[in-house]
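Residue numbering restarts at 1 for every chain, and letters A, B, ... go by the order of the sequence lines. We use all heavy atoms of the structure for the numbers below, so side chains are in, but hydrogens, waters and symmetry mates are not. Just so we're clear, the structure is a prediction, and the values are computed from it rather than from any experiment.
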Amino acid sequence: MSGVELDKGYDPSDVEKRCYDQWLNENQFHADDKSSKKPYSIVIPPPNVTGVLHMGHALNNTLQDILCRYRRLRGDNVLWMPGTDHAGIATQNVVEKKLASEGRSRHEIGREAFVERVWEWKEESGNAIINQLKRLGASCDWERERFTMDEGLSRAVRKVFVELYKQGLIVRDNYIINWCPRCNTALADLEVEFEEKQGRLYHIKYPLADGSGYFIVATTRPETMFGDTAVAVNPEDPRYQNITATHVKLPLTDRDIPIIRDSYVDMAFGTGALKVTPAHDPNDFHIGQRHHLESLKVIGDDGVMLEGAGTFQGLSREECRKQAVKALEEQGLLEKSDEHAHSVGHCYRCKTAIEPNLSRQWFVKTKSLAERAIKAVEEGRTRIIPEHWTKTYYEWMNNIRDWCISRQIWWGHRIPVWTCDACGQDIVEMEDPSVCPSCGKNELTQDSDVLDTWFSSALWPFSTMGWPDETDLLKTFYPTSTLVTGFDILFFWVARMMMMGLHFMDEVPFKDVYIHALVRDEEGQKMSKSKGNVIDPLTVIDSYGTDAFRFTLAAFAAQGRDVKMSLARVEGYRHFINKLWNAARFSMMHLDKEYPELDREHMGLADRWILSRLKKVTDEVAASIDGYHFNDTATSLYRFVWNEFCDWYLEASKPALYGKNGDACMNASKAVLFRVLKDTLVLLHPVIPFVTEEIWGKLPGVRGSVMNAVFPADLDDFGALEDLDSEKDMEFVMGVISGVRNIRGEMNINPSQNLAAVIQSDVDSERQTAWKFKDMIMVLSRLDSFDVREDGEKPRSSATAIVGESSLYVNLEGVIDFDKEVERLEKSIAKLSKDVETISKKLSNEAFMSKAPDDVVEKVRSQHQESKDKMDKYQENLAKIKEARTS
RNA sequence: GGGCGAUUAACUCAGUUGGGAGAGUGCAACCCUUACAAGGUUGAAGUCGCAGGUUCAAGCCCUGCAUCGCCCA
């Protein structure tokens with residue numbers, strides 16, 4: 001005994017900072033621009049620069065880190081590109097609120113000063129989330145950290161805008177868009193969240209212009225009626241076949257509006273007559289386009305009624321609704337109003353009800369871009385995992401609409417379009433223009449809007465690598481290997497990166513897209529501030545350690561299933577970390593040097609067995625990470641470490657380690673212990689980097705970081721670790737030991753009481769195995785006497801277990817409780833007889849015998865035989881014990 | 001309205017080509033055995049949402065239904 005002394009328990013807080021600093025100092029996370037090694041690259045989904053780490057980030061980045069650390073261990077040149085985005089609307093909102101608390105508005109201080117303030121706020125808070133990612137252990141290449149608004153990325157944005165403009169893929173148009181009256185900006189369709197709201201459906205009489213009656217139109221938004229420019233009915237609708245009037249009188253106004261016929265109108269809804277408001281409803285807008293209707297905007301960008309609302313001008317849209325309804329009622333034009341549930345769009349940033357609004361905005365024409373993005377997935381150049389998300393991807397891509405990219409805010413990439421005040425010419429170039437190329441005048445005005453943040457995020461996989469320059473980084477790492485992200489931004493981000501990557505790089509941005517679940521609370525509710533059910537990842541890290549937290553996230557990350565985070569689970573995995581720590585602590589007591597060679601000649605059964613199991617778990621870990629089955633990775637490791645290494649191997653190898661079998665065996669076992677512990681740390685490292693690094697550093701003779709270790713599967717002798725014979729022998733031996741323990745437990749025999757046991761068997765191999773490894777059997781089942789024989793009388797006062805095809809008798813002379821043993825045996829028999837019954841049924845089923853494949857029939861036969869033999873043996877013993885009881 | 005997912009032990013969840021239902025936690029009993037009581041040994045616990053169908057064989061494939069959740073319109 002010697003070696004390094006480890007503390008009794010593992011203290012993460014002390015270790016984590018030290019390890020992380022060590023990695024940074026050693027430049028472990030840095031990727032080479034050029035390298036002969038196989039490249040592996042991931043770009044981080046950039047979090048908002050002013051945001052804070054939440055559970056979603058924690059899961060997302062833990063999975064990326066597992067992949068990156070694993071690929072490094074496999075010898076790849078790994079780039080994990082980190083960075084943040086500027087989150088235009090969200091960040092602007094925050095700074096505006098701060099201004100408001102000072103009693104000022106952004107308009108008061110002006111654009112330049114405001115943007116200055118936002119940069120200040122970014123500097124102030126911008127490192128928070130980066131530091132939080134570091135606490136999570138993220139092994140990003142921090143030297144390459146990028147921000148969507150830094151100079152290089154801004155140049156990429158400019159280039160993309162200019163090129164798309166020149167290609168006719170970016171256009172300015174008057175179109176119905178989603179307007180947030182609170183943020184005062186246009187939004188993309190995606191940025192609107194629909195929510196079912198209880199409203200009212202108002203049935204309003206629209207008198208026919210020729211006085212021959214009236215139409216009843218149903219609407220949830222009576223305030224928009226001032227913008228009506230037609231009433232539409234379905235041409236098929238029999239109710240309106242014989243209408244002679246061509247116009248209706250628009251109530252509360254002096255306007256007549258035409259009656260039009262359009263098959264869009266749902267005859268089953270209301271009375272089948274639809275008021276058409278092209279300027280304030282997307283569907284109406286399209287009807288308006290088809291029928292060349294006028295679009296009359298009656299609600300201003302601030303949500304206040306405009307001139308078209310007549311006497312209602314100046315009212316808010318909510319107040320206008322109230323008063324208009326009242327006026328209609330007074331004039332007898334409101335037939336009725338019913339309770340009505342309908343979905344209302346809300347701003348995804350501030351939750352204000354969206355106003356569909358006619359507006360002049362910039363759009364990306366997405367159709368041709370989407371076609372290539374669809375094709376890339378169809379052809380498998382990009383794989384979406386789990387596969388079922390591809391359908392959602394196709395669905396959206398096939399129905400994609402033009403993307404409104406202009407935002408009426410100040411924080412973001414300003415749209416690089418100048419208009420000549422004199423001749424109206426638009427100028428869109430890489431360099432800021434000073435004179436109009438058309439008329440030569442120099443009074444140019446730049447568009448005041450900025451671009452959607454997602455416009456810059458869409459370029460992330462190549463803009464972060466230096467595009468539009470042809471950098472080595474791009475050559476080495478584009479296309480990236482894997483993108484890890486949540487499904488909530490599949491459209492916002494993934495789809496748009498696909499379009500931009502294919503268009504500008506002529507190559508997909510990533511080969512694999514792994515889509516993980518959302519993290520929810522214990523009840524499965526989405527975590528949100530308003531519900532108060534948010535668990536702060538940093539609190540979890542502080543209480544349980546990063547490794548326990550990461551292991552929990554990995555263990556929960558089953559494909560296609562949400563993660564329900566519970567602190568009880570994290571605590572459970574903290575126990576696992578501690579178990580590992582203590583296993584290492586025990587190991588270190590025996591390890592005093594490096595053991596470079598395995599001494600197969602002097603190894604015991606447990607040694608050969610654990611090496612074989614090590615090979616197995618290594619294969620499992622590699623396969624599960626390669627296939628993004630992170631929960632399987634965690635499960636395999638957990639079982640191996642706890643149930644095989646700790647529960648069996650360490651216990652079984654103690655005699656050898658304590659020198660009871662001589663120095664040669666002791667050293668052979670130490671070498672195995674060293675090897676298994678070392679390789680296990682490497683296998684665990686991608687999931688729990690800190691504790692593994694800490695233990696690694698204390699391994700005798702080992703230099704450098706675990707990050708530079710070789711993955712066990714890549715070691716020369718890896719294949720030679722497998723030893724199926726030893727696995728089989730060990731299984732039998734463990735069966736015997738468990739048999740004794742079971743009897744001890746069920747018969748309430750004190751663990752400290754030594755017992756005598758006998759294996760009786762007519763199977764040569766089982767007798768040999770039992771005899772060969774009797775030392776292990778005796779130690780682990782606490783026997784002071786153990787015998788193996790081919791036949792003979794069963795000991796009178798003993799309890800029985802069947803192991804393999806052998807009988808195990810545990811002598812309970814003087815302590816046996818016959819009734820209990822009868823009960824025990826009957827229980828086993830009942831279980832077996834149920835099995836035998838089911839299997840017999842199969843075997844007597846002619847259809848099964850003739851149609852099932854031979855190997856299956858054979859398997860069932862042997863199962864039947866096995867169970868039956870076992871049951872017979874129990875029954876024999878039961879008879880004997882009953883006999884003994886009565887005598 | 002269209003689409004996707006979920007439903008397996010008290011709880012949280014695995015179950016990858018269909019071939020005798022698993023884990024962790026919790027629970028119960030016993031144990032301070034010299035790495036770990038944040039531990040050890042043992043045990044109990046499931047009509048795999050419901051109803052049909054395909055098949056020799058269904059937790060798994062097909063259809064319908066129910067409940068819950070999400071996305072899109």
Contact pattern, 5' to 3', of nucleotides 54-60 of chain B - B, S or - by protein heavy atom under 4.0 Å: --B----
Glu694(A) and Lys698(A) ion-paired at < 4.0 Å: yes
Residue among Leu681(A), Ile577(A), Thr546(A) satisfying side chain to side chain contact (heavy atoms under 4.5 Å, CB included) with Ile688(A): Ile577(A)
Please list each protein N or O that sits under 3.5 Å from an N or O in nucleotides 23-26 of chain B, with the distance.
{"residue": "G24(B)", "atom": "O3'", "partner": "Tyr638(A)", "partner atom": "OH", "Å": "3.4"}

Ring pair (Phe, Tyr, Trp, His ring centres under 6.0 Å) partners for Trp696(A), two or more places apart: none
Ring pair (Phe, Tyr, Trp, His ring centres under 6.0 Å) partners of His864(A), counting only residues at least two apart: none
Touch class at under 4.0 angstrom, heavy-atom based, for Lys654(A) against every strand present: base
Touch class at under 4.0 angstrom, heavy-atom based, for Asn742(A) against every strand present: sugar-phosphate
Dot-bracket line, read 5' to 3' along RNA chain B, where crossing pairs take [ ] and | marks a partner on another strand, Watson-Crick or G-U under 3.5 Å: (((((((..((((.....[..)))).(((((.......))))).....(((((..]....)))))))))))).
Residues in contact with RNA chain B, drawn from residues 394-404 of chain A - heavy-atom cutoff 4.0 Å: Arg401(A)
Side-chain N or O of Lys391(A) closer than 4.0 Å to phosphate OP1/OP2 of C4(B): yes
Nearest-Å distance for atom pair CG/P, residues Asn750(A) and C30(B): 11 Å
Candidate nucleotides A35(B), A73(B), C70(B), ranked by approach to the side chain of Phe487(A) - the nearest: C70(B)
